[in-house]
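Residue numbers begin at 1 in each chain, while the letters A, B, ... track the order of the sequences.
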Number of protein chains: 2
Amino acid sequence: MTSDSRLSWREVRDRIHEQILTGRYGPGDRLPRDADIAEDLSCARSTVQRAMQDLSDSGLVERRRKGGTRVRAEPVTRATLDIPITRREVEQSGARYGYQLIRRRMAPAPRGVVAAFGLGAPRPMLRVEALHLSDGRPYIFEDRWICPETSPEVQNLDFTGQSANEWLVLNKPYSRLDLRFYAISANTRLADLLEAEPGAALLVIERTTWIEDAPITTVKAITTPGYQLLTGT
Amino acid sequence: MTSDSRLSWREVRDRIHEQILTGRYGPGDRLPRDADIAEDLSCARSTVQRAMQDLSDSGLVERRRKGGTRVRAEPVTRATLDIPITRREVEQSGARYGYQLIRRRMAPAPRGVVAAFGLGAPRPMLRVEALHLSDGRPYIFEDRWICPETSPEVQNLDFTGQSANEWLVLNKPYSRLDLRFYAISANTRLADLLEAEPGAALLVIERTTWIEDAPITTVKAITTPGYQLLTGT
DNA sequence: TGACAAAATATGTACCTACATATTACCGTT
DNA sequence: AACGGTAATATGTAGGTACATATTTTGTCA
C-alpha cells in the first residue's frame, strides 16, 4: 500500500474505475492493454492484472484473452449476500435468541423437494420444522428436509436443543449452493406460528445444498412480516 | 492449467476445500502456513496465496496477518447475485419485452426515500413509475426516484421509449449500491397494474445507488406473483 | 504485576520472467 | 467470396525474490 512510491493494485483499480465513472470509457468500450496501462502508471503488469481481475469480478468489465478488456455493454447489478446462522443474526441485532422445535419426522419427500435436489425418484427424508425467536417473538420459521443418506448422523439428533440450521452449517460444509427468494401469503398455520395476520406477505429464503453431487438439505426460511434482507455493509 | 506437471491455484484451492469438507479441518481450526502448504504440494507460495485468497473471498476461511488462516468459526452462506437490466432478463427468458411509462413528474421525496439516501432534508426529485412487460403481460412495476442534482440530464428525458432502468444503468455507473429484499401485499392499485389479486404477496427488490456521496436513484422493483430471484447458475 | 517496547512471524503486495491458453486477425488457396 | 490453417496477441498462470504490514509474543523495566 506504500502510499508514496509504488502504486498498489487497489489504486490502479480505483483509477480505472473512476475513468469509467467519469465517462472516459463507456459501455462496450475497449480499455488499453494491461501492459500499456502498466507503462502509463509505471507499475508492473501483474499489478494491473490484479486490479483488472477485481473489476472483472465485480462485473464492471469483461476480459477475454486476445480480445482485451472492455466495459460491460449490458451492465449487471452484482452484489454479495451474506446469510449468517439465524441465531447469530438475532444476537447481532441485540435481541435474545430463542429456538423451538415444532416437528421432526421421516416422511416421503414431496415433488418440490425432489425437484430442488434434481433427484429422479422420491424417497423418504427427514423433515424438521422449527421456529427461531427474537426476544421471545417469532422471527423465522424453517421448514427443512434433510437427506439421511448423505448425513446419517441426523438419525441420532433430535434438534430440540440445537437447530438443524446450526448443526448443519457447522458439521456439513457444502460444495454447491442454490438460493432463491420469493414471497408467499401466510396461510392459517403460518399466520398462527409466526403470530402474523393470515394473508400477510412473507419473504421466503430457500436454500439447497449439496456436497459434490450428494444432496444435503433444502430449507425454506419463512420470515415474519417486515423482514428485510440486506446486502453490502 | 497444465493438468500434468505444475499445480494450479484452483487445484490447490480445491484440495484445501476438500480437506475442510471431509472434516480434516473443522470450524475454528487453524490451517498450516501458506509456506508449509506450498512445500507440501511443492508449488510456489504465491500459488497457495492465490488459492487462499479465493477461499477467503468465498467466506470459507478467515486470514489474518501473523494470525494465520483458520476455518470460519461461524460460517456464513455467501452468494453472489446478478440482477440484469429488466429488458435483458425478459428477453433471456425467451419472451418478448414490453415497456410502458405510467407516470413521470417532479415531487417532494417522501421520508422513506430521503432516509434511503441518508439525506438530511427532503427535496424535490423526479419520480418515474413504469411497467415492464413480458409477452405483453405485466412483469415488474418499478417505482423510482431520481436525484436531479446528480443527474441533470434526466430533465430532458421523457422515459417513454427507453426505461429509466436502462438509461441509468447505461449512463450512470455507480460507486456504491444498497440492495434490500422484502415482501409486500398488493394494494388495489398494484393489483390492477400487475393484473394480480389484491392482497397477493409480491417480492420487492429495492436498489439505491450513489456516485461517491451523491445519490443517483432509488427504486422499488415490485415483481408479479410467483416471481423468484435466483443466485448462482 | 502491569505497562510498554521490541522482536518474531504469517499474510499481503509489488516486481519480473517465462510460458500457457484462448481468440482474433491475416493470408493463401480454392 | 468462402474456407481453413497459421500467426499474432492479450490475458491467465506459475515461479521466485524482496519488502511491507499487521498482529501476536516476548522481554524489559518500573
- Message: Just the rounded figure in Å: distance from P of D/dA14 to CD of B/Gln53.
- Response: 15 Å

- Provide, to the nearest angstrom, the distance between the CG atom belonging to A/Leu31 and the P atom belonging to D/dT11. 9 Å

- Can you name the salt bridge (Lys or Arg N to Asp or Glu O under 4.0 Å) partners of A/Glu142, sequence neighbours left out? A/Arg144

- Message: Within residues 37-46 of chain A, which residues have any heavy atom lying less than 4.0 Å from an atom of DNA chain D?
- Response: A/Arg45

- Query: Tell me: CG of A/Asp34 to P of D/dA10, nearest whole Å?
  - Reply: 10 Å

- Scan residues 42-62 of chain A for pairs that pass salt bridge (charged side-chain N to carboxylate O under 4.0 Å, His left out), counting only residues two or more places apart or in two chains. A/Arg13-A/Asp54

- Rounded interatomic separation in angstrom, taking CD from B/Glu11 and P from C/dA20: 15 Å

- Item | Nearest-angstrom distance from the residue atom CG of A/Asp54 to C1' of C/dG12 | 15 Å

- Message: Between A/Thr231 (side chain only) and B/Leu179 (backbone N and O only), is there a donor and an acceptor less than 3.5 Å apart?
- Response: yes

- Message: Test of understanding: with salt bridge (Lys or Arg N to Asp or Glu O under 4.0 Å), list the residues that count as partners of A/Glu91, not counting sequence neighbours.
- Response: A/Arg87

- Query: Got a sec: does the CD of A/Glu39 have more than 12 other heavy atoms crowding it under 6.0 Å?
  - Reply: no

- Query: Is A/Glu11 reaching over with its side chain to a backbone N or O of A/Ser8, donor-acceptor style, under 3.5 angstrom?
  - Reply: yes

- Find the distance B/Asp36:CG to C/dT9:P and express it as a whole number of Å. 13 Å

- For B/Met52 and C/dT13, what is the distance between atoms CE and P respectively, to the nearest whole Å? 15 Å

- Task: Using the test side-chain contact (heavy atoms from CB on, under 4.5 Å), find all partners of B/Thr150 that sit at least two apart in sequence or belong to another chain.
- Result: B/Cys147, B/Ile211, B/Ala214, B/Pro215, B/Ile216

- Query: Looking at B/Gln49, does any N or O in its side chain come under 4.0 Å of the phosphate oxygens OP1/OP2 on C/dG12?
  - Reply: yes

- Task: Using heavy atoms and a sub-4.0 Å distance, could you list which residues of residues 56-74 of chain A are near DNA chain D? By number, please.
- Result: A/Arg63, A/Arg64, A/Arg65, A/Lys66, A/Gly68, A/Thr69

- Tell me: CZ of B/Arg50 to C1' of C/dT13, nearest whole Å? 14 Å

- Query: Does the side chain of A/Glu166 pick up a donor-acceptor pair with the side chain of A/Tyr99 at under 3.5 Å?
  - Reply: no

- Ionic contact status for B/Asp34 with B/Arg63, cut-off 4.0 Å: yes

